[in-house]
Amino acid sequence: MPIEFLGIAALNDGSETRARSGPSFDKDYTLRLARAHEDNGWDRILFAYHSGAPDPATVAAFVASKLDHLKLLLAHRPNVSVPTYAAKVVATLDQISDGRVNVHIITGGSSADQAAEGDFLTKDERYARTGEYIRILKQAWTNREPFSFDGEHYRFEHFVSDIWPAQPSRPQVSFGGSSAAAYAIGAAESDIYALWGEPLANTAEQIQTVTDAALAAGRTSRPRIQVAFRPILGATEALAWEKAERILGSIEQRTATLPAAVASDLRNPENAGSQRLLSIAEQGDRFDRALWTKVSAATGGRGNSNALVGTPETVAAALLDYIDLGVDIISARGYDYVDDTIDFGRYVIPLVREEVARRDAAARDGETGDADGAAGEKEQSRDAA
């Protein structure tokens, strides 16, 4: 059961805890962070999208030309280009990177950010458009003969690309969303369904919803499942929680200086995923082994914002609990991107991979093991010392 670790391709050193020190696209920092992922056991990094941000496809090509092994996940919004053009961009990037590209299709959770680039469709209309977009992408990457399409949002005749993905089949398509429309479209069309980190019970419920929607759409299995967290690590539990409180203080200090309109958006997010995170935060600060919701509440549940706090052993054991639910991909990023990327890669990823390998070997041999496995055993050893 291979587990993939997805990091973030931040283009500058700014985060929720501090303002950036340089331009929006700091080439040296971007490459330094990408190398920190490649050198410390990560599989892939995400090039995010925002209406005013540097173009992620161009930055991904820059990184791909500098690194040899790290895989790339390109975020893309359907409103910015027709799907036939996007298919050629992704295929070209896949050729540049020798087959290392997947694409994350963003329907758009903020009407204001969509409108900033001329997109005024309703949310349900955006999801319907996304469904057509993904279907066209997959056809454009695999059809060697001209094909036509006549849908609600796209119509063209006899398109065939002259640039094909380098990987043997095609780039995988990931997708996220927590509304009924999102589940219906994503479960039917995506290869990977991306969720934000929630308590185990809530995550299990979402996975079942995606599974049921995939089967209802005629698929024989659901998409692979990705879950995202903000790890906060410490050498001891006490040190990890002290660090967590410092991070929260920095976030609250920055949030207090936001313009009134922005602060209002944080308190009243439009998208269903953020609403879910804020609702969970209202129910409590801590869940399961290590899930902490205060940082999510402080940022309005924006994006990947729930934290896992503890020693590497505790965080690894928490991630294994999600893997037990059927999670295939762990998305993670800290608050000091480079240092946290290195620490997570050195101290958490090996524990998770080791335990997954042990469980796979035990399953092949017909054995059973302790639920906490190697991560829990190492935690006990540290406590005994």
Test side-chain contact (heavy atoms from CB on, under 4.5 Å) on Val348 and Phe5 and set out the steps.
CA-CA 11 Å; Val348 177; Phe5 287 91; 5.6 Å; no
With no hydrogens and no angle check, is any side-chain donor or acceptor of Gln114 less than 3.5 Å from a backbone partner on Phe120?
no
Evaluation steps, side-chain contact (heavy atoms from CB on, under 4.5 Å), between Trp196 and Ser274:
CA-CA 9 Å; Trp196 289 334; Ser274 294; 3.7 Å; yes
Looking only at side-chain N and O atoms, does [Y] offer a donor or acceptor that is under 3.5 Å from a partner on [X]?
{"X": "Gln226", "Y": "Ser174", "value": "no"}
{"X": "Asp212", "Y": "Gln208", "value": "yes"}
{"X": "Thr293", "Y": "Ser296", "value": "no"}

Same cluster or not: are Ile134 and Leu195 linked, directly or through other Ile, Leu, Val, Met, Phe, Trp or Tyr residues, by side-chain heavy atoms under 4.5 angstrom apart?
yes
Take Asp26 and Arg32, measure what side-chain contact (heavy atoms from CB on, under 4.5 Å) needs, and give me the verdict at the end.
CA-CA 10 Å; Asp26 182 332; Arg32 179 184 171 207; over 6 Å; no
When you look at [atom1] of [X], are more than 12 heavy atoms from neighbouring residues, nucleotides or ligands closer to it than 6.0 Å?
{"X": "Gln253", "atom1": "CD", "result": "no"}
{"X": "Lys243", "atom1": "NZ", "result": "yes"}
{"X": "Arg144", "atom1": "CZ", "result": "yes"}
{"X": "Phe156", "atom1": "CZ", "result": "yes"}

Are [X] and [Y] side-chain neighbours, meaning at least one heavy-atom pair lies under 4.5 Å?
{"X": "Leu277", "Y": "Ser305", "result": "yes"}
{"X": "Leu6", "Y": "Asp43", "result": "no"}
{"X": "Leu11", "Y": "Tyr29", "result": "no"}
{"X": "Trp42", "Y": "Ile349", "result": "yes"}
{"X": "Phe149", "Y": "Gln139", "result": "yes"}
{"X": "Asp321", "Y": "Asp288", "result": "no"}

Nearest-0.5 Å distance that lies between atom [atom1] in [X] and atom [atom2] in [Y]:
{"X": "Glu198", "Y": "Phe229", "atom1": "CD", "atom2": "CZ", "value": "9.5 Å"}
{"X": "Ile329", "Y": "Ile192", "atom1": "CD1", "atom2": "CD1", "value": "4.0 Å"}
{"X": "Thr107", "Y": "Tyr127", "atom1": "OG1", "atom2": "OH", "value": "5.0 Å"}

List the atom pairs, with distances to 0.1 Å, where a side-chain N or O of residues 45-62 and a protein N or O form a donor-acceptor pair under 3.5 Å, not counting sequence neighbours.
residue	atom	partner	partner atom	Å
Tyr49	OH	Glu117	OE1	3.0
Tyr49	OH	Glu117	OE2	2.8
His50	ND1	Gly52	N	3.3
His50	NE2	Asp113	OD1	3.1
Ser51	OG	Asp113	OD1	2.5
Asp55	OD2	Thr58	N	3.0
Asp55	OD2	Thr58	OG1	2.4

How far apart are the C-alpha atoms of Glu355 and Arg359, what are their side-chain angles, what is the distance that settles it, and do they pass the salt bridge (Lys or Arg N to Asp or Glu O under 4.0 Å) test?
CA-CA 6 Å; Glu355 176 59 11; Arg359 293 180 182 186; 2.8 Å; yes
Ion pair check, Glu38 and Arg35, cut-off under 4.0 Å
no
Carboxylate-amine/guanidinium proximity below 4.0 Å for Asp336 and Arg18
yes
Should Glu16 and Arg230 be marked as a salt bridge (Lys or Arg N to Asp or Glu O under 4.0 Å) after you check the CA-CA gap, both sets of side-chain angles, and the distance that decides it?
CA-CA 12 Å; Glu16 296 94 333; Arg230 305 299 291 271; 2.7 Å; yes
Among Lys138, Glu189, His76, find the one that has a side chain to side chain donor-acceptor pair (under 3.5 Å) with Tyr133.
His76
